[in-house]
**Q** 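Here you go, one structure.
Proteins come first, then strands; the chains are lettered A, B, ... in the order of their sequence lines, and each starts at number 1.
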2 protein chains.
Amino acid sequence: MKPTIADVAQLAGVSQATVSRALRGVDSVTPTTRQKVLQAAEQLHFTLSKHASSLASGKNMRVMLLTSGKLNQWFNANVLQGIYDVLNPAGYDIAPSYIITQQDAIDFFRHLPNVGNVDAMIIASFQVDNQMRAYLQQTDIPVIGVDIPAQSYGNASIGIDNVDGMRKAVQLLRSLGHSTIGFVTDYMPADMVYSTVERAHIFEQVAQEYGLDQRHAPIISLSEYDHFTSNEQIANELVSRILGLEQRPTALCVQTDASAIAVIKALRNQGIRVPEDMSVVGFDDADIADIADLTTLRQDPYAMGVIAAKKTLDLLHGVELAHPHELLPARIILRSTTQLAKGLA
Amino acid sequence: MKPTIADVAQLAGVSQATVSRALRGVDSVTPTTRQKVLQAAEQLHFTLSKHASSLASGKNMRVMLLTSGKLNQWFNANVLQGIYDVLNPAGYDIAPSYIITQQDAIDFFRHLPNVGNVDAMIIASFQVDNQMRAYLQQTDIPVIGVDIPAQSYGNASIGIDNVDGMRKAVQLLRSLGHSTIGFVTDYMPADMVYSTVERAHIFEQVAQEYGLDQRHAPIISLSEYDHFTSNEQIANELVSRILGLEQRPTALCVQTDASAIAVIKALRNQGIRVPEDMSVVGFDDADIADIADLTTLRQDPYAMGVIAAKKTLDLLHGVELAHPHELLPARIILRSTTQLAKGLA
DNA sequence: TTGTATGCGTTATCAA
DNA sequence: TTGATAACGCATACAA
């Protein structure tokens, strides 16, 4: 049978309350009694029951991480790691959870599983719509956003400055002499909740700033009705659309590194050299970007996780956040998939 | 204030016990009363408190995942995802945790954090030594291993057949005409607990089987005393040792994909072409292997996570496992870093 | 500083 | 099938 606090109390010759105090290190306990208790606990291999503690104290000592997209994705796994590294030392458990479609989200929030069993909720990479916002606002625990487009949402948030990042990307390509720049979107079902879809809108806006009209800043995407079996097929289809444009771009911004790499491969298969004939920049700087030697906009999901967790801790401890909503600057990583536009070399 | 089961009972006009029964779906409850309860619960946005449930029932409904190495690593993140996908629908939470060094492990098991607060423990990629084994055996909850070399450990385990895999790798290279094959180890501090270190031993054994003496099957590794600041430096150092061998290998097995890719880069920097002058095979088939077009031995950590979780569930439900310890067959993925030995083309 | 006693929200035992 | 009621293991007023 697992020992309880009562067993320790008996062995140490003190009351249960004293054991509780000694073990948690709060409240004042005489060094000698503390020692007795600690010894007794050690001897019995005793550990406090989190469930009982939580029930008694009203604190769950758990925070939920809700990601859009699976936990094994580069971004999410790194956010998790960052959160873990600051929350675990503080005594908090992490309850990871994920959602993919809008329907998932609705089901999730309708049943509010766990909510009520966690002290805070960190949500990552969501495209928060009004319905979700409404649900989220119902809950009385702190909600911290990571990479949430509508940065104004929730009690706190951390993201990267996507607009600034996009400006850097477009500016780079412009200064390399590219006058027609395409934006290639990921293929994703209509009801996805990923926040990366925001990037296409931002591109449109930034392209305008840089004097590119719609014809010189085409957006290449797949209709949601199309169905493809492989990433390769998707990339091939995208490339065929790019090649079909009357005003063919000489540079491409691609929504994610993974897509960018697939597109580059498809491009090369058609004899379009990268970067000689076409410059390509990706987004994220995941591991694969380094391997593929891809110019990209760096995101640091681990750092975001760390910051989000720190904000969470502050919120939980009731400290006022000086800057609840923060944006990390974007950084462009120059590698070998971008080059001066043809004729300018 | 959060509603309790009592509030629901009052609203539904039944007793707390009935609410509890109706909500959990166990025990027999009249359809009509169940409806009343469900409606009342919905109306109040009521959710059972996991902590209270656990305390009363003695079941934690939580399983711990303990990985060696961070949670954002390809292997671990995929195991987590696999575990989540089967345990979450079954109503279990996952408590992820990780350990890097032997010291971490000792600290962890000494204080048994969480153990006693989880119903089972899944440990991944560990090099389980006697000390750890002793600690592990003390605990009375099921322990399920994922990719644990000493497959005989624990209540159940799932891994890949590393010996079979190594045979496939060596056989491939042998049949391509390579008569000197090196094994390149990862650089890792002496007190790491990763299970991949086992691979070097297996290579030695398999090389012998294929008639390669020590001179024709050199193991290239860095001493634990060396310190390097970057993976690039490590790869360069390894390559310099390879080139310094009297009997230079024409093929290499590298402990992990990441190392293999770094080594290939370092090799190419020295004018050694891959695969023309040197064939290279990696281990894992992580995302990066595909990008780098690396021949490698595939591991499927997601599948392992799924299987481990299913075994966990069985164990938790008290069902006897027909085959507690399973080994998945290894599969070699042929890509473009291997080729016929020179002169045989 | 320490001990006593109550309550946290649920499950489970026992009657009804 | 349903309703009381006693645990479950701990934290925390309150008293001493």
**Q** Side chains of D104(B) and Y98(B): is there a donor and an acceptor less than 3.5 Å apart?
**A**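 There is no such pair (donor and acceptor under 3.5 Å, judged by atom type) between the side chains of D104(B) and Y98(B).
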**Q** For K36(A), does the NZ atom have more than 12 heavy-atom neighbours from other residues, nucleotides or ligands under 6.0 Å away?
**A**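 Atom NZ in K36(A) is crowded, with more than 12 foreign heavy atoms closer than 6.0 Å.
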**Q** Whole angstroms only, please: what is the CE-C1' distance between M61(A) and dC10(D)?
**A**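 In whole Å, dC10(D) C1' lies 14 Å from M61(A) CE.
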**Q** Which letters describe nucleotides 7-15 of chain C, given B = protein heavy atom under 4.0 Å from base, S = only from sugar-phosphate, - = neither?
**A** BBBBSB---
**Q** Under a 3.5 Å cutoff, is there a donor and acceptor pairing between the side chains of N60(A) and D119(A)?
**A**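 Side chains of N60(A) and D119(A): pair found under 3.5 Å.
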**Q** Going by side-chain hydrogen bond (donor to acceptor under 3.5 Å, both in side chains), name the pairs with one or both residues in residues 6-25 of chain B, residues two or more places apart or in two chains.
**A**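 Found S15(B)-T18(B), S20(B)-R24(B).
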**Q** Rounded to the nearest angstrom, tell me the gap between atom CG in N60(A) and atom P in dG9(D).
**A**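 Taking atom P of dG9(D) as the reference, CG of N60(A) is at 19 Å.
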**Q** How would you list, by chain and number, every residue that makes a ring-ring contact (aromatic ring centres under 6.0 Å, His included) with Y92(B), sequence neighbours excluded?
**A**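 Once residues adjacent in sequence are excluded, Y92(B) has no partner under the ring-ring contact (aromatic ring centres under 6.0 Å, His included) criterion.
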**Q** dG3(D), OP1 or OP2 - any side-chain N/O from T18(B) closer than 4.0 Å?
**A**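 Indeed, a polar side-chain atom of T18(B) lies that close.
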